[in-house]
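Single-structure report; data block below.
As the structure is a computational prediction, the values presented were derived from the model and not from experiment. Reminder, nothing fancy here: chain letters follow the sequence lines and each chain counts from 1.
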2 protein chains.
Amino acid sequence: MPASIEDVAKLAKVSISTVSRVLNRRNVVNPNTRERVEKAIRELGYRPNVFARGLMLRKSNIIGLVLPDLHGEFYSEIIRGANEKTRQLGYHLMVSAAIESDDSHDIVSAVSNQGIVDGLIAMVSETNAGIADAISTIDVPLVVLDGDVQGVRHDCVVINQNEGAAAMMAHLIKIRPGKPIIFVGGNETNLDTIDRLHAYRSAVEQAGGEVSAGDIFHLDYDYQTAFDLGVEMVGKWAKQNASVFAANDEMAAGIIDAAIDAGLSVPAQLPVVGFDDTRIAQLTRPRLTTVHVPMAIMGAAAVELLLQRIEDPKRPATKITLQSELIVRESCGASPALHQPILREIS
Amino acid sequence: MPASIEDVAKLAKVSISTVSRVLNRRNVVNPNTRERVEKAIRELGYRPNVFARGLMLRKSNIIGLVLPDLHGEFYSEIIRGANEKTRQLGYHLMVSAAIESDDSHDIVSAVSNQGIVDGLIAMVSETNAGIADAISTIDVPLVVLDGDVQGVRHDCVVINQNEGAAAMMAHLIKIRPGKPIIFVGGNETNLDTIDRLHAYRSAVEQAGGEVSAGDIFHLDYDYQTAFDLGVEMVGKWAKQNASVFAANDEMAAGIIDAAIDAGLSVPAQLPVVGFDDTRIAQLTRPRLTTVHVPMAIMGAAAVELLLQRIEDPKRPATKITLQSELIVRESCGASPALHQPILREIS
DNA sequence: CTGAAAGCGCTTACAG
DNA sequence: CTGAAAGCGCTTACAG
C-alpha cells in the first residue's frame, strides 16, 4: 500500500492541507514547513493518487488519440508526432485504433466514453464512417484530423492536399503535355482520395483535357492490389504515353514493380508518382516523385491545439492547415532541376 | 456536469447502493427495481465516474506500453498487436516512447509513475539502457519485451531470433560454401544485433570458417547509412564472392541499392539478405530474403500475459518465446524450392 | 501561514 | 432484496 497524503502529514507533523499546498505550490507555505514536508515526501516515496486527484480536479492529464487503422507508416508517424508533443507538455497519450471486429462507434467510445480522457484527437478518413456519428456524441474537447464532423464544435488540423496534388499534376502535364494521366486512388469514400482526385480532375480540365472514367481506379492503398492492377494495365498505359498518379506511395511502388516486371522502363516508358513521401518513396528504384505530407507534424499540431482548447474551452474553433509539397525524384522522368520553374508557373 | 450515481438513485427512487449493485451485477437485485434503475441510467445517460471508481477499486483498466522509439514498422506493428488485444479484453492502452530530450528514466515514469496504469509493457532494446534501472523501480505488474531486466520479477515475451538467424546463415553458407559472409548490424549494444551477431559467429565457426573483424559492421538500422557503407564496400564484397547478412530489412535495402547503383547484379554478384520481414522486404527488387519476426503477435502476447498477471499477481513468472522464420525470396540467389531441404538439414 | 471540515462519486461491509 | 454509513485520497473554501 503506497503512502498517502495522511502519512506524509503525520511524518511532517502538519495537516494534510499543508501537504496539499506544498504539492500544488499554492499560497506560500512557510519555507521551514515546506522543507519538512518535502523531506517526508521523499522519505515515503509519496506520490499523489491520481484517482483521488482526478476526482477533485476532474482532470486526468490523459488525451486520447483515435485512429482508423494502424497499418503503415502514415499512422505511426502521427503517433510519433503526438507522443512527442504530449510528453513535452506533461500529458499522457491513450491510443486506440479500429480493429476488425468493431463498428466505428466502439472505437471512439473505447477511449472517450470512459470519461477518463481530458480531450480527444480523432482521425476521420472516411466520409461514410459511423465514426463521425460516434464523435458527435462525445463531450470532451475534440480535435479532428483530416476530416470534418458536422454538428459538433471542434478544432481540426488538415493537410492542404490540393496544393501538393495540383503541383504534382502540373508537373506531370508539363512533362508529357496532352498525354493521359491515370489516377489510382484508395476507396471512393476515403477523404484523402476524394481530395486528390478532385485536384486531378481540376488539373486535367484546366489543361484542356477531358477526364475519362477509364483513367480512374479505386483500390485500397495497398501495394499488392496496385501491383495486380499494374500487371494488367501497364502495357496499355505505356502505349498511350500515359503517366500514373497514385494516391499513396505504396500503390505507386506496386505499379512501378509491375511495369518493371513487364519489361517497361520507369519513367522512360511510364512515369509513376506517389503521395505521402513515406520511407518507401526513397526505397523504390527509380526513387519516387511524390507529395510530402507532414504526418508527424499533424499529430503534434493536434496535440497542441487540443491542450489549448482544454485550457481555454471557449476560445474560437481553430483550423490548422498544413502544407503539402511536391518532391521531385526520379520516377516522373523530370530531373529535379525542372522542378523549380514548374512550381513557379503554377503558383 | 454529467449525472452522478445520486441523480440516478433519486430518479429511480432507490439508494445509491442499489444503483451501484445493478451496475456491478452483484447480488441479485429485484428485477423490477433493476429495471427502474436501468431506465433512469438510460434517461440520464449516466456513466460511472472513472476516478471515483478507480479510487475504490484501485484499478484503471489502462495498461502502459513503453517503447524505445516510434520510427519504422517494427514498433508500429507492436502497437497494432497490442491495441487489438487490449481492446478485445476491455482495457485501454497508453503509449509512450522515448523522445530526444529525455533520458530513459523519463520514459518509464511518464507512463508508470503516475500510478494510473494497472500494468506496464516495456521494450528494452539496449543493453546499456538506463531504462532497465528505471523499470526496476516500478511497482505495477510488468511485462518486458525483447530484453531482460535484472532484479525485478517480471514476465517477458521474446523472439527466438537465433533460430531464424541460424537458418539464414545455413542458407547463405549452402548457397556459397566457403565464401565470406558480411554482417551488417545495428548498434553494438542493441540486443537484437547481439543475438543476430551471435548466430552469425556460431554459424561461421561451425562451418569451419573464421570470423573476421573486417566482415562485421555496426551501423544504426537505417537505410541511408547502409547505402553509404554499400557505396564504399560493395565492389570489394562482390570480388570476394561474399554475401551480406543485414540485421534489418532497411539496411539490406540500402545495400542492395548501392550494389545496383554500382552496376552489380543482386543476387548474382552479391546476395543480400535482411531481417524482420517488414513491408519493405517485398518492395525491394530483388525481393528480400529475410527472417520473419512476428511483431504484432509479440505485442498481443505481451498484453495477454500482462492481464493474466494483473488478475493473478502471484502466478509464476512466464516467458513466452515466439519463433522467427526464414523467408526465402529473391535477394539471396536461391529459389524458394531450395528452401525446404536446407531447413531440414539444419533442424 | 496553517488546520478542521466538507465534499468529489463511487464501493462495500453491515444491518435490517 | 435494500438502505444508511463509512471510507477511498485528495482539494479547497473557510476560519483563525
Side-chain angles (χ1 to χ4, degrees), chain A residues 1-41 43-62 92 113-118 139-140 310, chain B residues 1-41 43-62 113-118 139-140:
Chain A
M1 186 102 310
S4 76
I5 195 173
E6 206 173 335
D7 300 327
V8 176
K10 255 178 213 154
L11 218 188
K13 298 192 188 308
V14 296
S15 72
I16 61 166
S17 317
T18 299
V19 177
S20 179
R21 277 189 205 100
V22 348
L23 246 23
N24 300 302
R25 314 222 167 277
R26 304 192 66 72
N27 342 348
V28 194
V29 177
N30 180 302
N32 291 322
T33 319
R34 153 172 297 174
E35 202 152 310
R36 266 207 336 276
V37 172
E38 280 169 343
K39 181 154 169 276
I41 289 179
E43 278 177 21
L44 264 34
Y46 168 73
R47 275 170 293 125
N49 179 302
V50 254
F51 297 112
R53 196 169 225 174
L55 189 52
M56 286 305 299
L57 267 29
R58 309 191 157 277
K59 196 150 182 328
S60 64
N61 280 339
I62 301 177
H92 301 283
N113 277 359
Q114 280 278 42
I116 207 174
V117 297
D118 292 341
D139 49 3
V140 291
I310 289 171
Chain B
M1 186 102 311
S4 74
I5 195 173
E6 205 173 335
D7 300 327
V8 176
K10 255 177 213 152
L11 217 188
K13 298 192 189 308
V14 295
S15 72
I16 60 167
S17 316
T18 300
V19 178
S20 179
R21 277 189 206 99
V22 348
L23 245 23
N24 300 301
R25 314 223 167 277
R26 305 193 66 69
N27 340 349
V28 195
V29 177
N30 181 302
N32 291 322
T33 319
R34 152 172 298 174
E35 203 152 310
R36 270 210 328 282
V37 172
E38 279 169 344
K39 181 153 170 279
I41 289 179
E43 279 178 19
L44 263 33
Y46 169 72
R47 274 171 293 124
N49 180 303
V50 254
F51 297 112
R53 196 167 226 177
L55 189 52
M56 287 305 298
L57 267 31
R58 307 186 162 280
K59 197 152 180 329
S60 63
N61 280 341
I62 301 175
N113 276 359
Q114 281 277 46
I116 207 174
V117 297
D118 292 341
D139 48 5
V140 291

How long is the line joining CG of A/Leu55 and P of D/dG7, in whole Å? 17 Å
Does B/Thr18 have a side-chain nitrogen or oxygen under 4.0 Å from the phosphate oxygens OP1 or OP2 of D/dG3? yes
Comparing B/Pro31 and A/Ala3 on DNA chain D - which has the more 5′ nearest nucleotide: B/Pro31
Expressed as a whole number of angstroms, how long is the span from A/Leu57:CG to D/dA13:P? 11 Å
Taking atom C1' of D/dG7 as reference, at what distance in whole Å does atom CZ of B/Arg58 sit? 11 Å
Does the side chain of A/Ser20 get closer than 4.0 angstrom to OP1 or OP2 of D/dT12 through an N or O atom? no
Check whether any side-chain N or O of B/Ser15 sits under 4.0 Å from OP1 or OP2 of D/dT2, and answer yes or no. no
Nearest whole Å is fine: how far is C/dC8 P from B/Arg53 CZ? 19 Å
Which nucleotide sits closest to the side chain of B/Met56: D/dG7, C/dG3, D/dG3? D/dG7
Nearest whole angstrom, please: distance from the P of D/dG9 to the CD1 of B/Ile116. 16 Å
Any strand counts, and the cut-off is 3.5 Å on both contacts for Watson-Crick or G-U wobble. Which nucleotide pairs with D/dT2? C/dA15
What's the verdict on salt bridge (Lys or Arg N to Asp or Glu O under 4.0 Å) for B/Glu43 and B/Lys39, showing C-alpha distance, side-chain angles and the deciding distance? CA-CA 6 Å; B/Glu43 279 178 19; B/Lys39 181 153 170 279; 3.4 Å; yes
What's the separation between atom CG in B/Leu55 and atom CZ in A/Arg53, rounded to the nearest 0.5 Å? 13.5 Å
Those residues that, when tested against A/Glu6, pass salt bridge (charged side-chain N to carboxylate O under 4.0 Å, His left out) (two or more places apart): none
Do any side-chain nitrogens or oxygens of B/Asn49 fall under 4.0 Å of OP1 or OP2 in C/dC8? no
Between D/dT2, D/dA5, C/dA4, which nucleotide has the shortest distance from any of its atoms to the side chain of B/Arg21? D/dT2
For A/Ile5 and C/dC8, what is the distance between atoms CD1 and C1' respectively, to the nearest whole Å? 15 Å
Toward the 5' end of DNA chain C, by each residue's nearest nucleotide, A/Asn30 or A/Ile16: A/Asn30
Verify whether one side chain among B/Arg36 and B/Asn30 offers a donor that lies under 3.5 Å from an acceptor in the other. no
Would you mind reading off the distance between B/Arg34 atom CZ and D/dC1 atom P, rounded to a whole angstrom? 10 Å
Base, sugar-phosphate, or nothing: which does B/Ser4 touch, judged by heavy atoms less than 4.0 Å apart? sugar-phosphate
Student check: side-chain heavy atoms of A/Tyr46 and A/Leu23 closer than 4.5 Å: yes
Within the structure shown, what part of the strands sits under 4.0 Å from A/Ser17 by heavy-atom distance: base, sugar-phosphate, or nothing? base
Nucleotide D/dG9, atom P - distance to NZ of A/Lys10 in whole Å: 11 Å
